Amino acid sequence: MSARSEKPKKKPRKNPNKNKAKAAVKPLLAWYDKHARVLPWRARKGETPDPYAVWLSEIMLQQTTVATVGPYFMRFLTRWPTVEALAAAPQEEVMKEWAGLGYYSRARNLLACAKVVSSEYGGKFPERIEELGKLPGIGPYTAAAISAIAFGRSATVVDGNVERVVARLFDLRTPLPAVKPEIREKAATLTPEKRAGDFAQAMMDLGATVCTPKNPSCNRCPINDLCDAREAGTQSVLPARAPKKPRPVRRGACFWLTRGEEVWLRRRPEKGLLGGMMEVPGTPWDKRDLSPGAGIKTVDRHRNVTEPLQSAKDGDKGGGDKTGTDDMPGHTPLDHAPLDHAPLDADWKLVPGLVEHTFTHFHLELEVYTATTRKKLVPGEGAWVPLDEIAGEALPTVMRKVAAHAMPDAGQLFAKR
DNA sequence: GAGACGTGGAC
DNA sequence: TGTCCAAGTCT
């Protein structure tokens, strides 16, 4: 009675849904044998994977693209060829090498993990998911990935790629993140006993090159005949996601202080945003949401001189001052006098324009003031850094933008590493 | 469970 | 040009 049965050309499914998992493994492994990408951290056929290299690559690849990771991975492996070598490295050096990769807690956890493996495991990574998952920076995904890829254990590896492939393969329409448990269930039925590492990488390669977020190349997919979403025509909208929230805009000012051929930098606190990285000293970043629609009027973003931010209607009514900064709860976060935060009194000049940078959860607009001094010491914590050495410092990208804005003629200092 | 936590490339 | 989002983890 089904519509399909009336079409003689279309044969009924050879593989009923319940056997789909079993049917998918072989074609996926065959596809992987033929199309596997050559990646610096990936063992070639017949080679034994280096657990240290697998771990290092998996940490770097968290929320980070293959193309971005490549050079960082090579530099780390060259400089610290073993987990013991890395464990002995000063954190400062690790942060410098990590600068630009983002998610800096990964770098701190990387070092912490190396020390544990080195001192408590004799330099050998544990093989089981349960042990791996206890190590700093290793969560469910990375534990399974190391167990499968480095040690060939049968572990279910679920990353963003696998989520997408599985959601489509089984036409799971519940939005993320609610659908995650179901995805994991289905993924577990797929996981083979043998070649689990290859299988995990096959799924991730498939998601990265064929079963892509937009315009998936279903015609090239080795398991397209098993795909429920393709049959239903839902592949391009899966996995469904909850609507994203708007990014607030924050503002601040920072101070580019030079003394001869040196600039004054300081280190950020260990925890939190850009934790442990260097920065140009500045004001706190206004936490008030100034984005359009937030009910607060903003000044023209492109003016050279920023006017004092207008306080919104919540300022005077005593109704609820729910805004404030971390440092000064209850205080107005509007900074009418940025120079009060300058490292010292000087003839500060506002550099025309703004430095803009978008983080995961907010957009930042930064004014940059410049001045020179002859003083050897500046109140507070910090250090004079030679200008020709700042490229090697642990400066996050937003601070490199600040440097380039303050010294437009010296942008090439950050040319490449 | 939801928010914090970076960056750069693709479209 | 702006939006999406990538081999997630931690709190």
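Given the structure is predicted, the values throughout are model-derived calculations rather than measurements.
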> Looking at A:Asp225 and A:Arg230, does any basic side-chain N land under 4.0 Å from a carboxylate oxygen?
Replying inline: no

What nucleic acid atoms does [X] come within less than 4.0 Å of, heavy atoms only: base, sugar-phosphate, or nothing?
{"X": "A:Arg37", "result": "base"}
{"X": "A:Val157", "result": "nothing"}
{"X": "A:Leu39", "result": "base"}
{"X": "A:Arg42", "result": "base"}

> Taking the six-membered ring of A:Trp264, is NZ or CZ of A:Arg259 closer than 6.0 Å to its centre and within 45° of its axis?
Replying inline: no

>> Any side-chain N or O of A:Lys214 below 4.0 angstrom from OP1/OP2 of B:dA10?
In response: no

>> Applying side chain to side chain donor-acceptor pair (under 3.5 Å) to A:Thr64 and A:Arg106, what does each step give before you reach the verdict?
In response: CA-CA 12 Å; A:Thr64 310; A:Arg106 290 185 296 173; 3.1 Å; yes

> How does each nucleotide of nucleotides 1-8 of chain B score, in 5' to 3' order, for protein heavy atoms under 4.0 Å: base (B), sugar-phosphate only (S), or none (-)?
Replying inline: --SSBBBS

>> Here's a test of your reading of the structure: between A:Met204 and A:Gly137, which maps to the more 5' nucleotide of DNA chain C?
In response: A:Met204

>> Closest-nucleotide mapping onto DNA chain C: is A:Arg164 or A:Pro136 further toward the 5' terminus? I mean the 5' end.
In response: A:Arg164

>> Give me the atom names and distance for the closest heavy-atom approach of A:Leu238 to A:Ala229.
In response: CD1-CB, 4.0 Å

>> If I compare all heavy atoms of A:Phe125 with all of A:Cys113, which pair ends up nearest, and what's the gap?
In response: CE2-SG, 4.4 Å

> Distance between the P atoms of B:dG8 and C:dT9, in whole angstroms?
Replying inline: 22 Å

>> Below 30° counts as parallel, above 60° as perpendicular, anything between as tilted: where do the rings of A:Phe76 and A:Trp98 land?
In response: perpendicular

> Which of residues 139-150 of chain A have a heavy atom under 4.0 Å from DNA chain C?
Replying inline: A:Gly139, A:Pro140, A:Tyr141, A:Thr142

>> Please enumerate all residues that pass side-chain hydrogen bond (donor to acceptor under 3.5 Å, both in side chains) together with A:Lys401, with sequence neighbours excluded.
In response: A:His357

Rounded interatomic separation in angstrom, taking [atom1] from [X] and [atom2] from [N]:
{"X": "A:Ile129", "N": "C:dG8", "atom1": "CD1", "atom2": "P", "value": "16 Å"}
{"X": "A:Ile59", "N": "C:dA6", "atom1": "CD1", "atom2": "C1'", "value": "15 Å"}
{"X": "A:Arg108", "N": "C:dT9", "atom1": "CZ", "atom2": "C1'", "value": "12 Å"}

>> How long is the straight-line distance from CG of A:Leu354 back to CG of A:Leu366, given to the nearest 0.5 Å?
In response: 8.5 Å

>> side chain to side chain donor-acceptor pair (under 3.5 Å) for A:Tyr141 and A:Gln62? Distances and angles first, verdict last.
In response: CA-CA 9 Å; A:Tyr141 160 76; A:Gln62 289 168 5; over 6 Å; no

